[in-house]
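Heads up: the structure comes next, in structure tokens.
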Amino acid sequence: MAFQLTAGSCERLDNATPSEEDVFNEPHTVQFLSIKKVNTVNASSSAVDRYRIIMSDGIHFIQAMLATQLNSMVQDNTIGKNTVAVIEKLTCNYVQEKRLIIILSLRVLAHSTEKIGEPKQVESPPDQATSVTPNTDTIQTSASPLSNVITKHSKPAEQVTSKDGRPSVYPIEGLSPYQNNWTIKARVTQKSDIKTWSNQRGEGKLFNVTLMDETGEIRATGFNLVVDELYPKLEEGKVYYISKARVNLAKKKFSNLANDYELSLERNTEVVECHETANVPMIKYSFVPLSALQDLAKDSVCDVIGVVKEVSALSEITSKATNRQIPKRELTLVDKSGFSVRLTLWGKQAEQYNAEDSPVIAFKGVKVGDFGGRSLSMFSSSTMHVNPHLEECFALRGWYDSSGAEQSFHAHSSAGGGASTMSFNRAEIRSLDDVKQSGFGLPDKPEYFSTRATIMHIKADNISYPACPTQNCNKKVVEDGGTWRCEKCEKSFEAPEHRYIMSLAVADASGQAWLQGFNEVGVTIFGKTANELIAIKESNSAQYNVLLHKANCNTYNFSCRAKQDTYNENTRIRYGISRIYPLDYKEEAMALRDLLYSSWAR
DNA sequence: CCCCCCCC
């Protein structure tokens, strides 16, 4: 199949000046001649993967960089050498004497095996371009992660102005400390309270905002006098042109954002509200159902949306670290998954909370805690939106008003904190070796853990016992002249009900262990009652052995109970299975997905 | 220049 590449695209892009925005917004069908990872080390010594693409329009080729949010397309082979794709959106940075094309959005048409046409380098006057050849690494890497560019001397370094007189917009992703003559157009997605500090170096006040455009996010901070000027001016949700702020290295350990830099808002920083906001993205959420919180690790970060079922009164805690009094308020959120969770608001947000009538609230970037099984807590960087204009919000509203308000919800296990919950907890799966190493000290106090292991062997003798058929009795019965006698019920029965008592040898990557399981475990493993299995054993022992054999090599999730006991003067730890769960691969995959989303791009 | 993200 032949593809019509957009002849002339490369030449036009190569010659485009910053004000010619049309060429950046129209689609270009191109072929990728090479995609190469450029391992850039920036000034904070953190490695940033960037992909440089040489793309061809069939006549010429030109170099571009892939926006980092598209990196996964290379990593999962959505795009590769000779891929034909439509570049739907790109942007161009002019950094001093260098020009950089960034691909922001693309759609794959085909994976070709051959190069289309005989593309050549775009002709430039000899003194204006460095030589670039496909498959030859001529990229210059310097301190800026975006310095992997074609050197070109013909472009102006100064801030340019487009036809209609508005400033030409610079992408957030392109900001670096090495170029200060830019204007970004960004939405304020988060604005903090005004915070004050006092330490040995002095005292003052500050606030931060998170700024977002289609290329990325950056945090900006204003101090002292700048707070007075800009705090009232910058409103959450609005879009602004911002220029003349200082670009500093972000201290990674304090930042949740995927940006190496942050902005310092200065006295001379210019902030102008912009009303053309269509192409500036709103907050993007990756909502996790409340039922899935148990699969997220403590201290991970996630987005949730729920109906506020309860609101606590305002209270105050004293921080152990700083001794400061901190206002707090707890919301109880519920959603369609049938779970509820408590979420803590702090500071002004706690004091000023006044939403009524069970609103729907969307939260972004909240912290997962393990209090009461699972809990949520706001960071200063978290966002909270009451009744947002989102599909998920409308759906929750409808559900809650029609039925949700009347139903009951699962709290996230009331077993106070930590790993000792009795139900399976995917976020706290422990390896068998880890379990065995931990020892479980106290003789009579059982400890609970979750594990995932594969059955290696099932003890074939004494796999079941004859039990009393009375509901919930389960006591062993003894044969007594043709009938079966239960001492507890003081009754005799014609036949016992067999119940499993299983010893399983299970293994995972770390080692093996013996687990004891009762009736439910056997029913799950064999898909048969113990009566059925015993009947097979007695009529056809070969088939029984086949069933035992087939039970091996199957993997399950287990909730287990470890308990120290002493038997014949030997003290040992026995591991009992309280619940066994066949693997649901869809559920496992969803849990992995939620885990990825919860840590993605923060 | 902050950088704590808290408590039950």
Side-chain angles (χ1 to χ4, degrees), chain A residues 44 46 177 190-210 218-231 234 245-257 259-269 298-304 310-332 340-351 353 363-384 411-418 420-421 598 602:
Chain A
S44 62
S46 62
Q190 187 268 147
K191 183 169 91 163
S192 73
D193 291 346
I194 296 171
K195 290 173 273 189
T196 57
W197 83 89
S198 173
N199 58 29
Q200 60 270 47
R201 285 189 294 273
E203 58 185 52
K205 62 183 175 183
L206 70 117
F207 78 108
N208 352 72
V209 289
T210 303
I218 194 164
R219 188 164 83 148
T221 305
F223 291 93
N224 301 320
L225 287 171
V226 174
V227 176
D228 302 330
E229 192 192 340
L230 292 184
Y231 190 80
L234 288 166
R246 206 168 69 221
V247 183
N248 294 323
L249 271 176
K251 288 171 191 148
K252 277 290 170 186
K253 61 177 167 174
F254 302 129
S255 171
N256 297 320
L257 295 184
N259 200 316
D260 290 334
Y261 302 112
E262 54 186 40
L263 296 179
S264 176
L265 305 171
E266 306 292 320
R267 297 292 307 280
N268 63 338
T269 293
K298 174 172 150 59
D299 297 329
S300 61
V301 177
C302 70
D303 306 345
V304 297
E310 282 173 48
V311 182
S312 78
L314 184 67
S315 62
E316 220 168 44
I317 61 125
T318 305
S319 163
K320 282 173 181 162
T322 63
N323 246 356
R324 298 228 288 210
Q325 297 292 111
I326 301 158
K328 127 184 172 167
R329 191 192 299 271
E330 304 227 321
L331 309 181
T332 302
S340 66
V341 70
R342 291 203 308 177
L343 182 146
T344 309
L345 304 179
W346 304 100
K348 277 216 170 52
Q349 222 155 20
E351 290 172 345
Y353 181 90
F363 294 90
K364 183 169 185 64
V366 291
K367 180 185 167 178
V368 177
D370 64 357
F371 185 74
R374 278 291 175 271
S375 59
L376 297 172
S377 172
M378 293 286 279
F379 281 130
S380 70
S381 58
S382 308
T383 69
M384 160 173 145
H412 271 279
S413 161
S414 53
S420 55
T421 74
S598 73
R602 288 182 198 288

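For the numbers below, each heavy atom of this structure counts, side chains included, while hydrogens, waters and symmetry mates do not. Everything numeric in this text was worked out from a predicted model, so none of it was measured.
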Self-check item: Base versus backbone protein contacts along nucleotides 3-8 of chain B [heavy-atom cut-off under 4.0 Å; B, S, -]
Solution: BBBBBB
Quiz item: Excluding sequence neighbours, so at least two apart, what forms side-chain contact (heavy atoms from CB on, under 4.5 Å) with S381(A)?
Solution: N256(A), F379(A)
Quiz item: Sequence neighbours excluded, which residues qualify as side-chain contact (heavy atoms from CB on, under 4.5 Å) partners of T322(A)?
Solution: S319(A), R324(A)
Self-check item: Partners meeting ring-ring contact (aromatic ring centres under 6.0 Å, His included) with F363(A) (sequence neighbours left out)
Solution: none
Self-check item: Residues in side-chain hydrogen bond (donor to acceptor under 3.5 Å, both in side chains) contact with K348(A), at least two apart in sequence or another chain
Solution: none
Quiz prompt | All side-chain hydrogen bond (donor to acceptor under 3.5 Å, both in side chains) counterparts of T332(A), not counting sequence neighbours | solution = none
